[in-house]
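Working notes, beginning with the structure itself.
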There are 2 protein chains.
Amino acid sequence: MSELTPVEVTDLRPIRDIVHEKLRTAIMRGELPSGERLFDTQLAKQLGVSRTPVREALRMLEQEALIVVTPRRGTIVYRLKQEDAIEIYNIRSVLEGLALRLAAQNITHQEIVQLREKLEKMRPLPENLAGYMAVHVEFNSIIIGASRSPRIEQLVASFASQLRNLRGISLTTPERQLLAWKEHCAIADAIESRDAELAEMLARRHVERAKEAYLMQRA
Amino acid sequence: MSELTPVEVTDLRPIRDIVHEKLRTAIMRGELPSGERLFDTQLAKQLGVSRTPVREALRMLEQEALIVVTPRRGTIVYRLKQEDAIEIYNIRSVLEGLALRLAAQNITHQEIVQLREKLEKMRPLPENLAGYMAVHVEFNSIIIGASRSPRIEQLVASFASQLRNLRGISLTTPERQLLAWKEHCAIADAIESRDAELAEMLARRHVERAKEAYLMQRA
DNA sequence: ATGTGATATACTGTTTGCAGTAATTTCCGA
DNA sequence: TCGGAAATTACTGCAAACAGTATATCACAT
């Protein structure tokens with residue numbers, strides 16, 4: 001009787017959540033480009049639902065700063081400016097630093113093994129950008145998850161995704177990509193040796209480099 | 001359920017925003033205690049509006065993690081656990097560190113003068129907790145504002161407010177209060193001398209101390 | 001008394017409709 | 001042809017009604 005876990009009442013998710021997710025990914029993929037005006041009535045028609053769940057989804061997106069709502073005027077997809085990108089990189093830098101400091105303390109041996117596997121997978125993909133990015137995402141989520149801090153996880157995911165639809169993501173040159181890989185190796189080493197301070201420092205520097213690479217491209 | 005006064009339709013802000021703010025402050029003040037169930041129909045009646053704006057407000061609060069919504073089940077005010085508090089302190093630590101690093105770079109001379117004024121105001125309030133806290137909030141908002149980073153500002157405000165309704169906020173003992181004051185002086189000095197690294201370090205240590213003081217109280 | 005099933009109630013999720021305001025178009029005069 | 005006022009359109013904000021499901025109540029059997 002003691003160890004019965006509650007059932008997952010996923011049932012059918014409310015329409016508002018489905019709409020929220022749909023719009024969210026559409027925005028991040030750039031299918032709804034920056035500056036695009038959104039009409040709840042139009043979205044409702046397109047999605048085949050009524051306006052209410054659409055409006056509730058818009059409230060969520062508004063809270064995530066993915067859209068900007070001007071009362072009685074309308075709603076547009078937020079247009080990320082360079083200063084926004086800098087801000088986000090700054091925040092990611094310290095948050096991922098924190099995440100890695102905690103991860104170095106909390107990561108399990110098994111997770112370290114997984115980490116090494118991902119690293120090996122990434123090594124032979126010097127040119128295959130898409131493949132590299134996919135593994136990279138897995139690598140990151142293992143580490144961030146090892147921080148055992150859902151709030152950090154959520155924040156990092158949120159901010160990282162906001163940059164996703166930014167044109168010109170860092171890993172353009174092979175040199176940069178190799179450098180990034182080496183940085184990841186160093187981070188894995190630091191975590192494995194439980195050096196929290198070093199892991200934090202490396203993570204911060206890593207994001208800082210990504211920021212600079214981004215700024216280079218549009219200088 | 002406590003006393004929620006009906007909304008005044010100012011015509012300027014949408015009702016949903018008024019409701020959002022009302023609920024938000026009610027939660028933070030503890031008037032809507034942790035674990036309290038919220039019924040949109042009931043809230044709508046109390047506030048004298050329809051369910052629609054209430055529900056939109058709930059979606060915003062949900063996104064802020066102030067409430068927890070279980071679809072088809074109901075809504076409760078999120079009950080902050082100790083691990084949540086630790087998480088929030090950790091995040092505040094690095095975010096305020098970042099804020100102060102930026103502030104040291106961007107603060108104006110005039111803002112430094114204001115900072116000094118606030119510090120002087122805080123000095124003669126060794127026992128007047130309420131007064132001290134009020135000035136303290138102003139002091140902080142000047143510094144955080146000087147980071148010139150709206151996202152950081154919003155995040156810090158959000159996380160700080162989540163801790164507000166936590167029982168036993170740090171400054172209980174006079175010694176702790178004096179220590180905090182000295183820490184603030186050191187921070188102001190660091191900012192004034194434009195030492196970004198030092199300011200960041202001090203800010204992080206400051207929040208770290210607050211965390212430890214909080215943990216002490218419930219040990 | 002206790003557990004089980006049926007009924008009733010209450011709340012959430014969604015749709016629909018109505019009011020008000022901003023935007024757009026149309027039409028008129030210069 | 002252009003500017004501006006009036007009319008029209010279209011969208012947002014809010015309310016209320018409707019549908020379905022979870023919860024509570026109660027009757028009844030054991």
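These numbers come from the heavy atoms of this one structure, side chains and all, not from hydrogens, waters or symmetry mates.
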Provide, to the nearest angstrom, the distance between the CG atom belonging to Asp17(B) and the P atom belonging to dT12(D).
-> 15 Å
With respect to the phosphate group of dT12(C), does any side-chain polar atom (N or O) of Arg73(B) fall under 4.0 Å of OP1 or OP2?
-> no
How would you label the contact of Arg55(B) with the nucleic acid (heavy atoms, under 4.0 Å): base, sugar-phosphate, or nothing?
-> base
Gap between atoms CD1 and P, on Ile15(A) and dT16(C) respectively (whole Å) = 11 Å
Arg72(A) CZ to dT12(D) P: how many Å, rounded?
-> 11 Å
Start at the 5' end of DNA chain C and walk down; is the nucleotide closest to Val49(A) or to Pro71(A) reached first?
-> Val49(A)
Identify, with sequence neighbours excluded, every residue that meets salt bridge (charged side-chain N to carboxylate O under 4.0 Å, His left out) alongside Arg55(B).
-> Glu56(A), Asp40(B)
Which part of the nucleic acid, if any, lies within contact of Arg51(B), taking any heavy atom under 4.0 Å across all strands shown: a base, the sugar-phosphate backbone alone, or nothing?
-> base
Heavy-atom nearest nucleotide on DNA chain C taken for Pro53(A) and for Thr41(B); more 5' hit belongs to Thr41(B)
Aromatic rings Tyr89(A) and Tyr214(A): how do their planes relate, parallel, tilted or perpendicular, breaks at 30° and 60°?
-> tilted
Let me know the distance between CZ of Phe39(B) and P of dT23(D), rounded to the nearest Å.
-> 11 Å
Could you give the CD1-to-P distance, from Ile76(A) to dA23(C), as a whole number of Å?
-> 13 Å
Contacts of type salt bridge (charged side-chain N to carboxylate O under 4.0 Å, His left out), residue Glu212(A), not counting sequence neighbours = none
Look at Ser50(A) and dT15(C) and indicate whether a side-chain polar atom (N or O) is within less than 4.0 Å of OP1 or OP2.
-> yes
CD of Glu56(A) versus P of dT12(C): gap in Å, rounded?
-> 12 Å
Separation of dC11(D) atom P from Leu38(A) atom CG, nearest Å, is 12 Å
Measure from CE on Met60(A) to P on dG13(C) and round the result to the nearest Å.
-> 10 Å
Are the side chain of Asn140(B) and the backbone of Val137(B) linked by a donor-acceptor contact shorter than 3.5 Å?
-> no
Is there a donor-acceptor pair closer than 3.5 Å between any side-chain N or O of Glu36(A) and the backbone N or O of Pro33(A)?
-> no
